[in-house]
Asker: 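Just dropping this structure here.
These numbers come from the heavy atoms of this one structure, side chains and all, not from hydrogens, waters or symmetry mates.
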Amino acid sequence: MPRLSRLFLPLAALMLLLALVPMAAQAAATLKTALQNSGVLILDRPEIRLGDLFDGLPADVAARPVRGLGALEPGAILDADRLESIARDNGLSWRPASPALALRIDRPVEQIGEESVLQTVTQALAAQGFPTGEIRLDASPGPFTVGRGQARQGLKVADLSFDPKLSRFTAQIGPAAGGEMRRVAGRVIAMADVPVMTRAVGAGEVIQAGDITIQRLRADQAGRSYVIDPDRIVGKTAKRMLLAGQPVRPADLNATMMVQKNAPITVNVVSGPMALAMQGKALDDGALGDTVRVLNIRSNKVLSGVVSAPSTVTVQATSVTVGGGVGAKTN
């Protein structure tokens, strides 16, 4: 018997030592304070690791996946008994402070909104050679919920069709990363680039190139209501006050006065292939192509001619009108 005791004593001491080592490691494990306060465990990967639940663990232990748990869906609940079982099965000595303790599993998500839907449909229409413009949806498909980091992948379109007579489309759309596809339908409204004023321009002011910028408007409105060619605006005078951001109608404009009344001008008298330039004074305001009266300063005669360029009037020698008579020859 004493001999058997001598054999068992070293074995018992070894077993006691092995039992004490994990207990020493287990004693440092505590539930994460953030989990105790929020009751929510947010994960951005499939598995739960021991370090997601407990503090005070060596780095290699904290990095281990929780044994026997597997992937949990968002909304799953880990109650006090389940948490204690997890600690025990993974070699940790931990007990919940309250039987009411529970953690809800959640995963970070992102949403893809209607703006991305409109952009994706526009790109899909263009890729198939269909007209593009402003997209008007019959009804919003609502936001698409995807995992964190998946929103940057955008949306994908399937079964796209377009009716050119009605300018209507239908399609299936959903996250490019995978998920539910939803039906969308709507109309494509053609758009046009329309010049608008960058500042308020008063009546009688000449409109300069810097007074205009381009804004997109519905083509069916722009074509019949507004001037869409900037060259038809620049150099014209405003008939009335034009406000900043306001498109311009043809009725808002006067032709540019290239000749101003009482201003000095050049008079070109033309007779067949010959021309004579002289100094004169305008007796009328005139735009390009208008017929105006001018005064020949040298002869003090009144002539009639056509505005041909800024501060220039061209007079045909065979149709010169002299003050007091018609058909007189030019001296």
Asker: Do Leu31 and Leu101 touch side chain to side chain, with heavy atoms closer than 4.5 Å?
Answerer: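 SC-SC contact between Leu31 and Leu101 confirmed.
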
Asker: Which heavy atom in Asp290 sits nearest to a heavy atom in Ala287, and how many Å separate them?
Answerer: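 So the two residues come closest at OD2-N, 2.8 Å.
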
Asker: Given the rule in the side-chain contact (heavy atoms from CB on, under 4.5 Å) test, do Met181 and Lys156 qualify, once you have shown the distances and angles that lead to the verdict?
Answerer: CA-CA 9 Å; Met181 299 289 287; Lys156 61 183 178 182; 3.8 Å; yes

Asker: May I have the step-by-step check of side-chain contact (heavy atoms from CB on, under 4.5 Å) for Val270 and Val315, ending in yes or no?
Answerer: CA-CA 6 Å; Val270 178; Val315 176; over 6 Å; no

Asker: Are Leu57 and Asp55 packed together at the side-chain level, in the sense that at least one heavy-atom pair is separated by less than 4.5 angstrom?
Answerer: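 A side-chain contact is absent here, since even the closest heavy-atom pair is not under 4.5 Å.
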
Asker: State the CZ-OG distance between Arg293 and Ser304, to the nearest 0.5 angstrom.
Answerer: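 Between atom CZ of Arg293 and atom OG of Ser304 there are 9.0 Å.
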
Asker: If I compare all heavy atoms of Arg249 with all of Ser225, which pair ends up nearest, and what's the gap?
Answerer: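 In this case the closest contact between Arg249 and Ser225 is CG-O, 3.1 Å.
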
Asker: How far apart are the C-alpha atoms of Glu205 and Lys236, what are their side-chain angles, what is the distance that settles it, and do they pass the salt bridge (charged side-chain N to carboxylate O under 4.0 Å, His left out) test?
Answerer: CA-CA 8 Å; Glu205 279 194 73; Lys236 301 294 192 300; over 6 Å; no

Asker: Would you tell me whether Thr122 and Thr132 have side-chain atoms, one donor and one acceptor, within less than 3.5 Å of each other?
Answerer: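 Absent: no donor and acceptor within the cut-off.
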
Asker: Could you state the interatomic distance from CG (Leu295) to CG (Leu303), rounded to the nearest 0.5 Å?
Answerer: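 Answer rounded to 0.5 Å: 8.0 Å.
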
Asker: Is any side-chain heavy atom of Leu155 closer than 4.5 Å to a side-chain heavy atom of Val121?
Answerer: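 Not touching, per the 4.5 Å side-chain cut-off.
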
Asker: Can a cation-pi geometry be assigned to Arg168 and Phe162, taking NZ or CZ under 6.0 Å from the six-membered ring centre and within 45° of the ring axis?
Answerer: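 So Arg168 doesn't make the cation-pi contact.
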
Asker: Salt bridge (charged side-chain N to carboxylate O under 4.0 Å, His left out), that's the test. Do Arg182 and Glu180 meet it? Break it down for me.
Answerer: CA-CA 6 Å; Arg182 301 173 191 170; Glu180 177 189 6; 3.5 Å; yes

Asker: If hydrophobic clusters are built from ILVMFWY residues whose side chains come within less than 4.5 Å, do Val146 and Leu118 share one?
Answerer: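 Val146 and Leu118: one cluster.
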
Asker: Does Lys261 form a side-chain contact (heavy atoms from CB on, under 4.5 Å) with Leu283? I'd like the steps, not just the answer.
Answerer: CA-CA 5 Å; Lys261 185 176 180 179; Leu283 301 181; 5.7 Å; no

Asker: Could you tell me the separation between the CG atom of Leu217 and the CD1 atom of Ile189, rounded to the nearest 0.5 Å?
Answerer: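 So the gap between those two atoms works out to 12.0 Å.
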
Asker: Can you see which heavy atom on Gly280 is nearest to which on Val267, and at what distance?
Answerer: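 What the structure gives for the nearest pair is CA-CG2, 4.0 Å.
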
Asker: How far apart are the closest heavy atoms of Gly202 and Ala238, and which atoms are they?
Answerer: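 Looking at all heavy atoms of both residues, the closest pair is O-CB, 3.6 Å.
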
Asker: Using the side chain to side chain contact (heavy atoms under 4.5 Å, CB included) rule, pick out the option among Val248, Thr213, Leu243, Asp252 that qualifies with Met197.
Answerer: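 Exactly one pass, corresponding to Val248.
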
Asker: Answer with yes or no whether the hydrophobic clustering places Ile207 together with Val194; edges join I, L, V, M, F, W, Y residues whose side-chain heavy atoms lie under 4.5 Å apart.
Answerer: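 Each belongs to a different hydrophobic cluster.
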
Asker: Could you pull out the closest heavy-atom pair between Pro195 and Ile233, with the gap in Å?
Answerer: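 Result for this residue pair: CB-CD1, 3.8 Å.
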
Asker: Looking at side-chain heavy atoms only, is the closest gap between Val259 and Asp284 below 4.5 Å?
Answerer: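 No. Closest side-chain heavy atoms not under 4.5 Å.
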
Asker: Show your working on salt bridge (charged side-chain N to carboxylate O under 4.0 Å, His left out) between Asp89 and Arg67 and close with a plain yes or no.
Answerer: CA-CA 7 Å; Asp89 293 345; Arg67 191 180 306 161; over 6 Å; no

